[in-house]
Every structure is written in C-alpha cells, then in structure tokens.
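I have placed the structure first, in the form of structure tokens, so that the comments after it can refer back to it.
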Amino acid sequence: MSEFKQELNLLIEELSNIEKSLDDAIKSDDFIKYNSIMDSRMKTFKKLENFFDDEKVKNILKDIIKKDEERKKNVEEKISNLKKDQMNLQKGKNAIKKGYYNVQEGLRRKKIDKSG
C-alpha cells in the first residue's frame, strides 16, 4: 500500500512540475517547448490511469482542466496578436517595396530628362 501512495505522490509531483513548465512556456512564447511538455504530460497521464479512482487525482485533474481553459485563452490571444503583427509586417513590407519602386522610377525619369 505504501508503494502505491509513494508512486502516486511521485506522479503528482511530476504533474505539478509539468504544469509549471507549461505556464513558463506560454509566458515565454515558446510553443515548441509547450508542445513537447504537453507530450510528456500525456505520458504522465497514462501512468496515472491506475489511480483515476483516487479522489486526490480527480481533484488534480479538475484543476488541470480549469488551467487548460485559461491557457487556451492565453494561447488564442497570443496567436491573434501574432496574426495582427504578421499582417502589419506584410503591409509595411509592401509599403517599403512601393516606396522603393517609386524612388527608382523617379530616378529613371530624371535620367531620361537629362539625356533628352
């Protein structure tokens, strides 16, 4: 029985560390790291399958679901901001190109005027 509890406590501690790492990855906008942490969390969940009847595990899983909903909102917000930034960057890029081409065209006209 003590091995059972000891294993459960180790898995709970591992889950706690994973949850902290997930929050850190979101804060630092490291979505590649976030995905790999999610994979390791899934492996930990599979190890926890034997303990799903335990009330402590049920409460932890409920908390994780709540945290995941908050994380989902944060990630969606960050993705939305990235899309806006990308659109602004593209507009700026196009404006620079148009400005550059206008300058080039103006220089060409000056050359033509001088020779004519």
Side-chain angles (χ1 to χ4, degrees):
M1 189 69 169
S2 69
E3 283 183 38
F4 178 83
K5 288 213 180 241
Q6 193 173 21
E7 184 180 354
L8 177 59
N9 288 334
L10 286 173
L11 289 172
I12 289 171
E13 185 178 333
E14 184 178 339
L15 256 181
S16 176
N17 291 335
I18 289 172
E19 292 298 307
K20 288 176 188 173
S21 297
L22 284 171
D23 290 334
D24 292 342
I26 289 176
K27 286 179 187 174
S28 64
D29 294 339
D30 190 352
F31 295 110
I32 294 171
K33 182 178 177 183
Y34 181 82
N35 285 335
S36 66
I37 295 169
M38 289 293 284
D39 290 339
S40 67
R41 185 174 82 166
M42 187 56 148
K43 291 175 187 173
T44 305
F45 281 156
K46 287 181 181 181
K47 293 177 192 174
L48 264 177
E49 281 180 340
N50 298 332
F51 306 101
F52 281 166
D53 293 335
D54 190 288
E55 198 63 36
K56 189 175 183 181
V57 173
K58 287 180 183 179
N59 290 332
I60 289 171
L61 293 176
K62 286 178 186 178
D63 288 342
I64 288 174
I65 290 170
K66 288 178 186 175
K67 287 180 186 177
D68 278 353
E69 289 172 359
E70 292 173 22
R71 287 186 191 114
K72 180 182 173 189
K73 289 177 187 176
N74 287 338
V75 169
E76 286 173 347
E77 184 179 311
K78 287 181 186 267
I79 288 172
S80 174
N81 289 337
L82 287 172
K83 285 180 182 178
K84 288 177 188 175
D85 290 347
Q86 182 64 28
M87 286 175 53
N88 289 336
L89 182 65
Q90 199 62 32
K91 286 179 184 177
K93 202 173 168 182
N94 289 338
I96 289 171
K97 281 183 183 178
K98 286 179 184 178
Y100 177 75
Y101 291 133
N102 288 340
V103 168
Q104 290 293 335
E105 185 63 30
L107 291 174
R108 272 192 241 137
R109 286 183 184 164
K110 284 183 180 181
K111 287 181 183 176
I112 293 171
D113 289 343
K114 288 180 183 178
S115 63

Report yes if the side chains of N81 and E77 come closer than 4.5 Å at any heavy-atom pair, otherwise no.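 Yes, side chains in contact.
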Main-chain N/O of D24 paired to S28 side chain as donor or acceptor, under 3.5 Å: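 Yes, because the side chain of S28 sits within donor-acceptor range (under 3.5 Å) of the backbone of D24.
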S16 side chain to I12 main-chain N or O, any donor-acceptor pair under 3.5 Å?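 Here the side-chain-to-backbone pair does not exist.
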May I have the step-by-step check of salt bridge (Lys or Arg N to Asp or Glu O under 4.0 Å) for D23 and R71, ending in yes or no? CA-CA 8 Å; D23 290 334; R71 287 186 191 114; 2.9 Å; yes
Pairs in or reaching into residues 38-82: which pass ring-ring contact (aromatic ring centres under 6.0 Å, His included), with residues at least two apart or in two chains?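 ring-ring contact (aromatic ring centres under 6.0 Å, His included) check on residues 38-82 returns F4-F51.
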Rounded distance [0.5 Å steps], [atom1] in [X] versus [atom2] in [Y]:
X   : Y   : atom1 : atom2 : value
N50 : E7  : CG    : CD    : 7.0 Å
S2  : N9  : OG    : CG    : 11.0 Å
K33 : L22 : NZ    : CG    : 9.5 Å
I79 : K72 : CD1   : NZ    : 11.0 Å

If two hydrophobic side chains count as joined below 4.5 Å and joins carry through other members, does [X] share a cluster with [Y]?
X   : Y   : result
V75 : I64 : no
L10 : L48 : no
L61 : M42 : yes

Single hit among L15, N17, L11 for side chain to side chain contact (heavy atoms under 4.5 Å, CB included) with E13: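 Among L15, N17, L11, the one meeting side chain to side chain contact (heavy atoms under 4.5 Å, CB included) with E13 is N17.
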Do other residues, nucleotides or ligands put more than 12 heavy atoms under 6.0 Å from the CG atom of L89?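 Enclosed: over 12 neighbouring heavy atoms sit under 6.0 Å from CG of L89.
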Taking atom NZ of K78 as the centre, does the number of heavy atoms from other residues, nucleotides or ligands within less than 6.0 Å exceed 12?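 Counting neighbours around NZ of K78, more than 12 heavy atoms of other residues, nucleotides or ligands fall under 6.0 Å, so yes.
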Of all the heavy-atom pairs spanning A25 and I37, show the shortest one and how long it is.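 Scanning both residues completely, I find the closest heavy atoms to be CB-CD1, 4.2 Å.
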Do the charged groups of D68 and R41 touch, with an N to O distance under 4.0 Å?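 Result for this pair is yes, salt bridge flagged.
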With sequence neighbours left out, which residue pairs that include part of residues 55-65 fulfil the salt bridge (charged side-chain N to carboxylate O under 4.0 Å, His left out) condition?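 Of all non-adjacent pairs touching residues 55-65, none passes salt bridge (charged side-chain N to carboxylate O under 4.0 Å, His left out).
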